[in-house]
Amino acid sequence: MKLISIVVPVYNEEDNIRHFYEAIREVMEKTIYDFELVFVDDGSKDTSRPILIELENEDSRVQPIFLARNYGHQAALTCGLDHADGDAVIMMDGDMQHPPELIPVLLRHWEDGYEVVQTIRKTTEGVSFLKKATSAMYYKVLNGLSQVHIQEGGSDFRLMDRRVVLAFRQYREHARFIRGMIGSMGYKQIQVDFVAPPRFAGVSKFSPKKMLHFAIDGILAYSTLPLRFGLYLGAVCAMLSLILFFTVILDKFVYDDAVPGWATMTSCMLFFGGMQLMVLGVIGEYIGRIMEEVKNRPLYLIGKDKPKDVQKKN
Ligand code: UDP
Ligand code: MG
């Protein structure tokens, strides 16, 4: 019988885990497949850990992995994909915002020969207008800047065939934007729309700061266009300063009207100084990222309480 792995990153989800487990069991036991439920505990500080150990003792299909600290959603997903044994792997959130009822639909597309079944979140119930608007704007900017097209609303709820999972394991970059990585890999892909319900319990684990970093990662990992923007900006400024230079010369030699131009000087200095700092900042961002990649540290560390079979694999 074919095995389906369900990979779920969890961070402080004590009130969701059991409910989620029951929902998955109900859906998966109606299918013709075996399943394993790979929970990646991303350094939870609440009682998620003991709940996962309890579930593992009750049901051997539950396979928790405990990370050494909080590495973030994308690293936790990567860890799950590294340890999933299934013929197909489904990754989803553990807060019921990725509806388990959609799993049979994903499986059907897989049976039809699709190697990546990507879900697209059409709307999220109970999300503020501001979050929706900034998200829409972000995808416009991202797609304008990068070579790969990243669908607006593309979520990290997807099915991947084992072949795709094995390919994905070779991608070890630290700036992870998994939806872009998989989008750029090719393979036979199909999209499925869904409406995300509000969280079952708890609050979102993404602070505005985490969201902003994730958004910047997405842009800088997929495009060197901001660097080129610096180049264009420099060229335009050089042109402008040339015009200024001629005006000054004209003032001095033709009109003999060389007033001590304090205002012009100051504003030019501020303008060009600011511009240079900005472009330096953009370059700095890239250098920082190069440093991260060059260090080549592991993407995540697994903590002490490893289940036996994970220990075996490492
Ligand atoms: N998550 C994680 N590590 C983190 C933040 C979140 O593993 O640092 C998990 C979280 O437990 C959930 C999923 O990633 O299962 C999505 O997070 P969340 O629901 O907070 O994000 P949102 O739906 O608000 O975008
Ligand atoms: Mg959520």
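One is the number of the first residue; the rest follow in order along the sequence. Just follow the structure's listing: the first ligand is 1, and inside any ligand the first atom is 1. Just so it is clear, the model here is predicted, and its values are computed rather than measured.
Contact annotation: the side chain of N70 approaches that of Y11 to within less than 4.5 Å [non-hydrogen atoms, C-beta and beyond].
Regarding atom 11 (O) of ligand 1, its nearest protein heavy-atom neighbour is E13 OE2, 2.6 Å. Nearest to atom 16 (C) of ligand 1 among the protein's heavy atoms is D93 OD2, 3.2 Å. When hydrogens are left out, the protein atom nearest atom 17 (O) of ligand 1 is F206 CE1, 3.8 Å; that is the closest non-hydrogen contact. When hydrogens are left out, the protein atom nearest atom 3 (N) of ligand 1 is D42 OD2, 2.6 Å; that is the closest non-hydrogen contact. S204 OG, 2.6 Å is the protein heavy atom nearest to atom 24 (O) of ligand 1. Nearest to atom 9 (C) of ligand 1 among the protein's heavy atoms is P9 O, 3.6 Å. For atom 1 (N) of ligand 1, the closest non-hydrogen atom on the protein side is Y11 CB, 3.8 Å. In this structure, the protein non-hydrogen atom closest to atom 20 (O) of ligand 1 is K205 N, 2.5 Å.
Among the atoms of Q97, an N, O or S atom falls under 2.8 Å from the Mg ion (ligand 2). Using a cut-off of 2.8 Å, one finds that D93 contributes no N/O/S atom close to the Mg ion (ligand 2).
At a heavy-atom distance under 4.0 Å, only side-chain atoms of N70, from C-beta outward, approach ligand 1. The backbone and the side chain of H73 each have at least one atom closer than 4.0 Å to an atom of ligand 1 (non-hydrogen atoms only).
Residues E173 and E293 share a closest heavy-atom pair of CA-OE1, 3.4 Å. Taking all atoms of both residues into account, the shortest heavy-atom contact from I6 to M28 is CD1-CG, 3.8 Å.
For the pair R18 and F20, the cation does not sit on the ring face, since its NZ or CZ is not both under 6.0 Å from the ring centre and inside 45° of the axis.
Remark: ligand 1 atoms within the under-4.0 Å shell around heavy atoms of V10 are 7 (O), 11 (O).
Relative to atom 23 (O) of ligand 1, the option among R199, H98, Q97 with the closest non-hydrogen atom is Q97.
Each of K188, R158, H109 was scored for a side chain to side chain contact (heavy atoms under 4.5 Å, CB included) with V117, with one residue passing: H109. Each of L52, V8, L37, V10 was compared with P64 under the side chain to side chain contact (heavy atoms under 4.5 Å, CB included) criterion, and only L52 meets it. Among the candidates R176, R169, H83, the single residue satisfying the side-chain hydrogen bond (donor to acceptor under 3.5 Å, both in side chains) test with T78 is R176.
Considering backbone and side-chain atoms together, V203 places no N or O closer than 3.5 Å to any N or O of ligand 1. Among the atoms of G94, some N or O lies under 3.5 angstrom from an N or O of ligand 1.
Of the N and O atoms on the side chains of D82 and Y300, at least one donor lies less than 3.5 Å from an acceptor on the other residue. No side-chain donor from either of Q97 and R199 sits under 3.5 Å from a side-chain acceptor of the other.
With respect to K2 and E111, no salt bridge is recorded, no charged nitrogen being found less than 4.0 Å from a carboxylate O. A salt bridge links E285 with R289; the closest basic N to acidic carboxylate O contact falls under 4.0 Å.
When the Mg ion (ligand 2) is compared with the N/O/S atoms of D95, atom OD2 turns out nearest.
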